[in-house]
Amino acid sequence: MLFMQDSNQDMKKLKSSFFKRSTLVVAQELLGKVLVFKNFRGVITETEAYMGFDDPASHAFRGLTPRTEVMFGPAGFSYVYLIYGMYHCLNIVTEKEGFPAAVLIRGVKLLSKSGLHLDGPGKICRHLGITREHSGLNLITDNEFYVGCIKHNFEFTTTPRIGIKVATDKLWRFLAKLPKE
DNA sequence: ACCCCGATCGTA
DNA sequence: ACGATCGGGGTT
(Lines give C-alpha, C1' and ligand atoms only; values in the text may rest on other atoms or scores of the structure.)
Protein backbone atom coordinates (compact mmCIF):
# COMPACT_ATOMS: atom_id res chain seq x y z
CA MET A 1 0.00 0.00 0.00
CA LEU A 2 1.58 3.20 -1.16
CA PHE A 3 -0.49 5.69 0.74
CA MET A 4 -2.14 5.60 4.13
CA GLN A 5 -5.86 6.05 3.87
CA ASP A 6 -7.00 8.96 5.98
CA SER A 7 -10.43 9.09 7.51
CA ASN A 8 -13.04 11.53 6.29
CA GLN A 9 -12.61 13.59 9.42
CA ASP A 10 -8.87 14.11 8.87
CA MET A 11 -9.24 15.18 5.27
CA LYS A 12 -8.82 18.95 5.07
CA LYS A 13 -10.62 20.42 2.09
CA LEU A 14 -8.57 22.82 -0.03
CA LYS A 15 -9.93 26.36 0.05
CA SER A 16 -10.55 28.91 -2.67
CA SER A 17 -7.29 30.63 -1.77
CA PHE A 18 -5.35 27.50 -2.80
CA PHE A 19 -6.73 27.63 -6.33
CA LYS A 20 -6.75 31.42 -6.69
CA ARG A 21 -3.03 31.54 -7.47
CA SER A 22 -0.63 31.08 -10.36
CA THR A 23 -1.80 28.05 -12.35
CA LEU A 24 1.75 26.69 -12.52
CA VAL A 25 2.00 26.74 -8.73
CA VAL A 26 -1.43 25.17 -8.28
CA ALA A 27 -0.68 22.46 -10.85
CA GLN A 28 2.51 21.49 -9.06
CA GLU A 29 1.05 21.70 -5.55
CA LEU A 30 -1.95 19.55 -6.50
CA LEU A 31 0.48 16.63 -6.79
CA GLY A 32 0.02 14.50 -3.67
CA LYS A 33 -3.38 15.99 -2.84
CA VAL A 34 -6.46 13.77 -2.75
CA LEU A 35 -9.23 14.02 -5.30
CA VAL A 36 -12.57 13.15 -3.70
CA PHE A 37 -15.57 12.29 -5.87
CA LYS A 38 -18.47 10.46 -4.25
CA ASN A 39 -16.98 7.22 -2.88
CA PHE A 40 -13.69 7.58 -4.73
CA ARG A 41 -10.46 8.97 -3.33
CA GLY A 42 -7.19 9.13 -5.15
CA VAL A 43 -3.82 10.80 -4.84
CA ILE A 44 -3.19 13.16 -7.74
CA THR A 45 -0.04 12.07 -9.57
CA GLU A 46 -0.08 14.09 -12.77
CA THR A 47 -1.38 17.52 -13.81
CA GLU A 48 -1.15 20.05 -16.61
CA ALA A 49 -1.58 23.84 -16.58
CA TYR A 50 -3.65 25.73 -19.14
CA MET A 51 -3.55 29.43 -18.51
CA GLY A 52 -4.46 32.80 -19.82
CA PHE A 53 -5.42 34.49 -23.06
CA ASP A 54 -2.05 33.81 -24.67
CA ASP A 55 -1.86 30.01 -24.27
CA PRO A 56 -2.73 28.61 -27.72
CA ALA A 57 -3.26 25.13 -26.27
CA SER A 58 -5.99 26.33 -23.91
CA HIS A 59 -9.67 26.08 -24.74
CA ALA A 60 -9.95 29.70 -23.58
CA PHE A 61 -7.51 30.90 -26.25
CA ARG A 62 -10.33 31.67 -28.70
CA GLY A 63 -12.39 33.49 -26.13
CA LEU A 64 -15.35 32.84 -23.89
CA THR A 65 -17.88 30.29 -25.15
CA PRO A 66 -20.67 28.43 -23.35
CA ARG A 67 -18.34 25.45 -22.98
CA THR A 68 -15.37 27.36 -21.60
CA GLU A 69 -17.29 29.92 -19.57
CA VAL A 70 -16.40 28.28 -16.27
CA MET A 71 -12.68 28.75 -17.03
CA PHE A 72 -13.28 32.51 -16.87
CA GLY A 73 -15.05 32.24 -13.53
CA PRO A 74 -13.79 32.05 -9.94
CA ALA A 75 -11.21 29.49 -8.81
CA GLY A 76 -12.11 26.12 -7.35
CA PHE A 77 -14.81 25.13 -9.83
CA SER A 78 -14.77 22.01 -12.02
CA TYR A 79 -14.42 22.25 -15.78
CA VAL A 80 -15.28 18.98 -17.53
CA TYR A 81 -15.30 18.66 -21.31
CA LEU A 82 -15.76 15.88 -23.85
CA ILE A 83 -12.76 15.11 -26.04
CA TYR A 84 -12.59 13.02 -29.22
CA GLY A 85 -16.30 12.41 -28.87
CA MET A 86 -15.58 9.66 -26.34
CA TYR A 87 -13.69 10.78 -23.27
CA HIS A 88 -14.23 13.31 -20.53
CA CYS A 89 -11.45 15.36 -18.94
CA LEU A 90 -11.56 16.96 -15.48
CA ASN A 91 -10.01 20.35 -14.79
CA ILE A 92 -10.08 22.63 -11.77
CA VAL A 93 -10.34 26.37 -12.42
CA THR A 94 -7.54 28.57 -11.06
CA GLU A 95 -6.58 32.24 -10.73
CA LYS A 96 -8.75 35.31 -10.30
CA GLU A 97 -12.15 35.66 -11.91
CA GLY A 98 -11.88 36.92 -15.47
CA PHE A 99 -8.49 35.26 -16.09
CA PRO A 100 -9.21 31.97 -17.87
CA ALA A 101 -7.08 29.15 -16.47
CA ALA A 102 -7.39 25.61 -15.15
CA VAL A 103 -5.41 22.54 -14.14
CA LEU A 104 -6.09 19.30 -16.01
CA ILE A 105 -6.06 16.24 -13.74
CA ARG A 106 -4.16 13.58 -15.71
CA GLY A 107 -3.21 10.96 -13.12
CA VAL A 108 -4.78 9.61 -9.94
CA LYS A 109 -3.72 6.69 -7.74
CA LEU A 110 -6.78 5.35 -5.98
CA LEU A 111 -6.80 5.10 -2.20
CA SER A 112 -8.27 1.64 -1.99
CA LYS A 113 -7.08 -1.90 -1.63
CA SER A 114 -6.56 -2.04 -5.37
CA GLY A 115 -4.33 1.02 -5.48
CA LEU A 116 -5.26 1.28 -9.15
CA HIS A 117 -3.31 3.98 -10.99
CA LEU A 118 -5.54 5.84 -13.41
CA ASP A 119 -2.90 7.19 -15.78
CA GLY A 120 -4.78 9.43 -18.18
CA PRO A 121 -7.52 12.07 -17.94
CA GLY A 122 -10.04 9.98 -19.88
CA LYS A 123 -9.44 6.94 -17.70
CA ILE A 124 -9.99 8.97 -14.53
CA CYS A 125 -13.38 10.31 -15.62
CA ARG A 126 -14.47 6.97 -17.05
CA HIS A 127 -13.64 5.11 -13.83
CA LEU A 128 -15.12 7.70 -11.47
CA GLY A 129 -18.15 8.44 -13.66
CA ILE A 130 -17.36 12.11 -14.19
CA THR A 131 -19.15 13.71 -17.15
CA ARG A 132 -20.07 17.18 -18.40
CA GLU A 133 -22.91 17.11 -15.90
CA HIS A 134 -20.20 17.58 -13.28
CA SER A 135 -18.81 20.70 -14.94
CA GLY A 136 -19.22 24.04 -13.19
CA LEU A 137 -19.51 22.54 -9.70
CA ASN A 138 -18.03 24.34 -6.71
CA LEU A 139 -15.33 22.12 -5.20
CA ILE A 140 -14.92 24.52 -2.28
CA THR A 141 -18.45 23.99 -0.96
CA ASP A 142 -19.37 20.57 -2.37
CA ASN A 143 -19.25 17.73 0.14
CA GLU A 144 -18.73 14.87 -2.29
CA PHE A 145 -16.56 16.55 -4.95
CA TYR A 146 -13.46 18.36 -3.72
CA VAL A 147 -9.71 18.13 -3.20
CA GLY A 148 -8.37 17.14 0.19
CA CYS A 149 -4.94 17.60 1.71
CA ILE A 150 -2.96 14.77 3.27
CA LYS A 151 0.48 15.19 1.73
CA HIS A 152 2.80 18.00 0.77
CA ASN A 153 6.04 18.65 -1.02
CA PHE A 154 6.02 15.83 -3.51
CA GLU A 155 9.10 15.53 -5.65
CA PHE A 156 8.08 16.12 -9.22
CA THR A 157 9.31 16.38 -12.77
CA THR A 158 8.08 18.51 -15.66
CA THR A 159 7.58 17.82 -19.37
CA PRO A 160 5.74 19.42 -22.27
CA ARG A 161 1.98 18.90 -22.25
CA ILE A 162 0.52 15.81 -23.92
CA GLY A 163 -1.64 15.70 -27.01
CA ILE A 164 -1.14 19.26 -28.20
CA LYS A 165 0.67 20.59 -31.25
CA VAL A 166 1.37 24.12 -30.00
CA ALA A 167 3.40 25.69 -27.22
CA THR A 168 5.39 22.46 -26.89
CA ASP A 169 8.28 24.47 -25.45
CA LYS A 170 6.30 25.05 -22.24
CA LEU A 171 7.06 22.54 -19.48
CA TRP A 172 3.57 22.74 -18.00
CA ARG A 173 3.00 19.05 -17.29
CA PHE A 174 3.80 17.98 -13.72
CA LEU A 175 4.48 14.39 -12.68
CA ALA A 176 4.79 13.22 -9.07
CA LYS A 177 7.73 10.99 -8.26
CA LEU A 178 5.86 8.12 -6.65
CA PRO A 179 7.39 6.15 -3.77
CA LYS A 180 8.59 2.71 -4.75
CA GLU A 181 6.25 -0.22 -4.35
C1' DA B 1 -26.51 23.59 -42.11
C1' DC B 2 -21.90 22.04 -42.94
C1' DC B 3 -17.13 21.04 -42.09
C1' DC B 4 -12.93 20.21 -39.56
C1' DC B 5 -10.46 19.21 -35.63
C1' DG B 6 -9.49 17.63 -31.08
C1' DA B 7 -5.99 18.83 -23.43
C1' DT B 8 -7.47 10.40 -25.56
C1' DC B 9 -7.22 5.52 -25.44
C1' DG B 10 -6.55 0.83 -26.87
C1' DT B 11 -4.76 -2.05 -30.14
C1' DA B 12 -1.28 -3.16 -33.70
C1' DA C 1 1.28 4.19 -35.83
C1' DC C 2 -3.63 4.57 -36.24
C1' DG C 3 -8.70 4.41 -35.99
C1' DA C 4 -12.88 5.20 -33.13
C1' DT C 5 -16.42 8.75 -32.51
C1' DC C 6 -19.09 13.14 -31.84
C1' DG C 7 -19.34 17.87 -29.70
C1' DG C 8 -17.63 22.56 -30.33
C1' DG C 9 -16.48 26.38 -32.95
C1' DG C 10 -16.03 28.66 -37.16
C1' DT C 11 -17.89 29.49 -41.47
C1' DT C 12 -21.85 29.71 -45.11
Side-chain angles (χ1 to χ4, degrees), chain A residues 14 18-33 35 37 40 42-110 114-137 139 145-147 154 156-176 178:
Chain A
L14 294 183
F18 177 90
F19 298 101
K20 192 178 175 179
R21 295 184 295 160
S22 157
T23 308
L24 297 180
V25 172
V26 176
Q28 117 188 10
E29 292 193 11
L30 275 175
L31 298 177
K33 301 296 191 293
L35 174 66
F37 182 76
F40 297 98
V43 173
I44 297 171
T45 59
E46 180 182 342
T47 60
E48 279 178 2
Y50 290 85
M51 46 186 273
F53 301 96
D54 301 322
D55 177 6
S58 170
H59 289 170
F61 183 64
R62 298 179 193 286
L64 191 155
T65 68
R67 180 179 63 144
T68 62
E69 184 175 15
V70 65
M71 283 188 76
F72 292 75
F77 282 69
S78 59
Y79 167 49
V80 182
Y81 64 87
L82 182 69
I83 187 65
Y84 298 111
M86 306 169 67
Y87 303 104
H88 294 271
C89 293
L90 167 66
N91 299 251
I92 304 173
V93 175
T94 58
E95 313 236 14
K96 65 184 178 185
E97 190 168 357
F99 184 86
V103 172
L104 172 65
I105 307 300
R106 293 189 55 88
V108 164
K109 189 157 179 53
L110 292 180
S114 66
L116 179 64
H117 193 196
L118 302 169
D119 56 343
K123 295 179 189 176
I124 294 170
C125 290
R126 188 177 58 191
H127 192 93
L128 272 57
I130 294 173
T131 69
R132 279 169 297 165
E133 295 184 0
H134 303 104
S135 193
L137 300 182
L139 305 197
F145 192 14
Y146 60 92
V147 181
F154 255 60
F156 67 93
T157 56
T158 63
T159 78
R161 293 171 291 183
I162 300 295
I164 59 172
K165 301 180 177 113
V166 292
T168 51
D169 58 315
K170 301 285 195 297
L171 302 178
W172 288 358
R173 176 179 180 228
F174 300 87
L175 289 148
L178 295 173

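Every value quoted in this text rests on a predicted model; they were computed, and no experiment measured them. Convention: sequence-line order gives letters A, B, ...; per-chain numbering from 1.
A donor-acceptor pair under 3.5 Å is formed between the side chain of A:Thr45 and the backbone N or O of A:Gly107.
Across all strands shown, A:Arg67 has heavy atoms under 4.0 Å from sugar-phosphate atoms exclusively, and none from any base. Across all strands shown, A:Gly85 has heavy atoms under 4.0 Å from base atoms, whether or not it also approaches the sugar-phosphate.
Following rounding to the nearest Å, A:Arg62 (CZ) and B:dG6 (P) show an atom-to-atom distance of 9 Å. Nucleotide B:dA7 holds its P atom 11 Å from the CZ atom of A:Arg106, rounded to whole Å. A straight line from CG of A:Leu118 to P of B:dG10 spans 10 Å, rounded to a whole angstrom. Rounded to an integer number of Å, the gap from CD1 of A:Ile130 to P of B:dT8 is 16 Å. Distance CD1 (A:Ile164) to P (B:dG6): 11 Å, rounded to an integer number of Å. Going from atom CE of A:Met86 over to atom C1' of C:dG8 covers 17 Å, rounded to whole Å. Atom OH of A:Tyr81 and atom C1' of C:dT5 are 16 Å apart (whole Å). Residue A:His88 contributes atom NE2, which lies 15 Å from atom P of C:dT5 at whole-angstrom precision.
For A:Lys165, the listed nucleotide lying nearest its side chain is B:dG6; candidates were B:dA7, B:dC9, B:dG6. Distance from the side chain of A:Leu82 is smallest for C:dG7 among the nucleotides C:dG9, B:dA7, C:dG7. The A:Ser58 side chain lies nearest to B:dA7 when the options are C:dG9, B:dC9, B:dA7.
For the atom pair CZ of A:Arg106 and CZ of A:Phe174, the computed distance is 13.0 Å after rounding to the nearest 0.5 Å. A:Lys20 contributes atom NZ, which lies 12.0 Å from atom OG1 of A:Thr94 (distance to the nearest 0.5 angstrom).
DNA chain B is contacted by both A:Arg126 and A:Leu104; A:Leu104 maps to the nucleotide lying nearer its 5′ end (nearest heavy atom per residue). Two residues, A:Arg132 and A:Tyr87, neighbour DNA chain C, and the one matched to the more 5' nucleotide by heavy-atom proximity is A:Tyr87.
Using a 4.0 Å cut-off, no side-chain N or O of A:Thr65 falls inside it from OP1 or OP2 of C:dG8.
The two residues A:Tyr79 and A:Val93 make their nearest non-hydrogen contact at CB-CG2, 4.3 Å.
Across all strands shown, C:dT5 forms no Watson-Crick or G-U wobble pair with both distances under 3.5 Å. For B:dA7, there is no paired nucleotide, since no Watson-Crick or G-U wobble pair has both relevant distances below 3.5 Å.
Side-chain atoms of A:Tyr84 and base atoms of C:dA4 include no donor and acceptor less than 3.5 Å apart.
Residues A:Leu35 and A:Leu90 are in side-chain contact: their nearest non-hydrogen atoms beyond the backbone lie under 4.5 Å apart.
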